[in-house]
Amino acid sequence: MCGRFTLRVSPALLAEMFALHRKPEFVPQTNICPTQLVLGVVLNQENGLRDARLFRWGLIPHWAKDPVIGASLINARSETISTKPAFRAAFQRRRCLIPADGFYEWRNTPGQKKKQPIWIAIRNQPVFGFASLWETWTSADGSELNTCTIITTQANSAVAPIHQRMPVILPEAFHEHWLDPLADPAELLTLLRPFPSEGIVLSTTVADELLASHGLPRQRTLFD
DNA sequence: CCAGACGTTGTT
DNA sequence: GTCTGG
DNA sequence: CCAGACGTTGTT
DNA sequence: GTCTGG
């Protein structure tokens with residue numbers, strides 16, 4: 001799955017790598033959590049340009065009465081995304097890319113009391129995009145909330161020893177297809193596969209280094 | 001027909 | 001909103 | 001994902 | 001142990 005990730009690149013690089021209309025405003029982060037605001041790249045249907053927008057991580061279906069459901073919909077299984085009521089509308093009409101430069105999976109070692117976080121990145125890719133969906137939810141008082149979810153797939157052989165599943169990382173060559181509002185759903189589903197194992201980089205120590213390099217306090221939630 | 005669910009993950 | 005179960 | 005909380009009663 | 005909140 002994918003329950004935490006990092007995004008530390010400059011807005012300028014992000015704009016370049018995702019062909020954004022303009023530079024997004026965001027602060028580099030090394031511990032992005034569910035229910036926080038995350039950056040999502042969408043295709044603006046008005047002008048055909050790519051925009052980066054903020055979404056609350058945890059998709060709330062438009063029909064939900066209680067928005068608390070979003071906290072559990074931080075991931076969507078690629079295998080069932082086109083049929084599940086919570087996701088199929090978003091899959092048809094509201095696809096996006098969530099930029100990241102790494103993500104965490106927790107390894108549960110038998111005999112060890114605590115799970116160990118492993119930081120996972122892609123070789124030679126300073127930033128990449130998670131295949132994602134977004135929704136707009138309207139509350140009883142009429143206020144709107146834009147939310148998103150990250151699509152998961154079976155772990156590749158590099159990640160499998162740590163965890164059974166992993167987020168879908170779309171190679172840059174697939175970005176345009178994924179964001180195309182007229183794309184054929186059946187073809188889109190073929191894009192949702194595990195990233196090639198050869199490109200995977202794992203680290204047990206980088207997380208602490210990342211925090212230090214940004215002068216951020218060590219985060220008890222992850223590393224103690 | 002209406003009522004109620006609608007999701008993921010890990011763990012057992 | 002739309003499907004499933006009763 | 002992890003961290004942190006984890007309650008009852010009667011009344012409207 | 002399990003749910004909620006971030």
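As the structure is a prediction and not an experimental result, all values here were calculated from the model. So you know, we letter chains A, B, ... as the sequences are listed, proteins then strands, and number each from 1.
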Handout entry: Under-4.0 Å side-chain N/O to phosphate OP1/OP2 contact, Thr149(A) with dT8(B)
Key = no
Practice task
Output yes when at least one side-chain N/O atom of Arg77(A) is less than 4.0 Å from OP1 or OP2 of dT9(B), else no.
Solution key: yes
Completion exercise
Under a 3.5 Å limit on both distances, the Watson-Crick or wobble mate of dG6(C) is dC1(B)
Practice task
Report yes if at least one side-chain N or O of Arg165(A) is closer than 4.0 Å to OP1 or OP2 of dT9(B); otherwise report no.
Solution key: yes
Problem - Distance between P atoms of dC2(B) and dT12(D) (Å, rounded) - result: 34 Å
Exercise for the section: Verify the contact: side-chain N or O of Thr35(A) to OP1 or OP2 of dC1(D), cut-off strictly under 4.0 Å; return yes or no. Expected result: no
Handout entry: Centroid separation Phe128(A) to Phe195(A) less than 6.0 Å
Key = no
Handout entry: Whole angstrom value for the distance that separates P of dG1(C) from CZ of Phe91(A)
Key = 22 Å
Handout entry: Options dG6(E), dC6(B), dT9(B), nucleotide nearest the side-chain atoms of Pro34(A)
Key = dG6(E)
Problem - Plane angle bin for Phe55(A) and Trp134(A) - parallel if under 30°, tilted between 30 and 60°, otherwise perpendicular - result: tilted
Practice task
Could you tell me whether the side-chain ring of Trp63(A) sits stacked on the base of dC6(B), using a centroid cut-off under 5.5 Å and a plane angle under 30°?
Solution key: yes
Practice task
Scan Phe5(A) against the nucleic acid and name what it touches under 4.0 Å (heavy atoms): base, sugar-phosphate only, or nothing.
Solution key: nothing
Exercise for the section: Without swapping roles, check the side chain of Trp57(A) against the backbone of Cys148(A) for a donor-acceptor pair under 3.5 Å. Expected result: no
Problem - Rounded interatomic separation in angstrom, taking CD from Gln164(A) and P from dT11(B) - result: 9 Å
Exercise for the section: Specify the separation, in whole Å, of atom CH2 of Trp119(A) and atom C1' of dC1(D). Expected result: 17 Å
Exercise for the section: Let me know the distance between CH2 of Trp106(A) and C1' of dT9(B), rounded to the nearest Å. Expected result: 13 Å
Fill in the blank from the handout: Per atom distances to the Lys115(A) side chain, the nearest of dT9(B), dT11(B), dT8(B) is dT11(B)
Practice task
For dG6(E) and dA3(B), measure between their P atoms and round to the nearest Å.
Solution key: 34 Å
Problem - Any strand: nucleotide that pairs with dG7(D) via Watson-Crick or wobble, under 3.5 Å - result: none
Exercise for the section: Quickly work out the Leu133(A) CG to dT8(B) P distance and round it to whole Å. Expected result: 11 Å
Practice task
Please tell me which of the listed nucleotides, dT9(B), dC1(D), dG5(E), lies nearest to the side chain of Arg4(A)?
Solution key: dC1(D)
Practice task
Would you mind classifying the nucleic acid contact of Arg56(A) as base, sugar-phosphate or nothing, using non-hydrogen atoms under 4.0 angstrom?
Solution key: nothing
Problem - Expected output: side-chain Arg94(A) to main-chain Phe91(A) donor-acceptor under 3.5 Å - result: no
Practice task
Starting at atom CG of Asn75(A), determine the distance to atom C1' of dC1(D), rounded to an integer number of angstrom.
Solution key: 9 Å
Exercise for the section: Please measure how far the P atom in dC1(D) lies from the corresponding atom in dT9(B), and state the result in whole Å. Expected result: 9 Å
Completion exercise
residues 74-86 of chain A vs side-chain hydrogen bond (donor to acceptor under 3.5 Å, both in side chains), sequence neighbours excluded, gives Glu79(A)-Arg165(A)
Handout entry: P spacing across the pair dG5(E) / dG4(B), given as an integer number of angstrom
Key = 24 Å
Handout entry: Non-neighbouring partners of Arg56(A) that pass salt bridge (Lys or Arg N to Asp or Glu O under 4.0 Å), sequence neighbours left out
Key = none
Practice task
Look at all strands and tell whether Leu59(A) reaches a base, only sugar-phosphate, or nothing, counting heavy atoms closer than 4.0 Å.
Solution key: nothing
Exercise for the section: Please report, rounded to the nearest Å, how far the C1' atom of dC6(B) is from the CD1 atom of Ile81(A). Expected result: 15 Å
Problem - Nucleotide dT9(B), atom C1' - distance to CD of Gln154(A) in whole Å - result: 15 Å
Practice task
State whether Asn31(A) places a side-chain N or O below 4.0 Å from either non-bridging phosphate oxygen (OP1 or OP2) of dC1(D).
Solution key: no
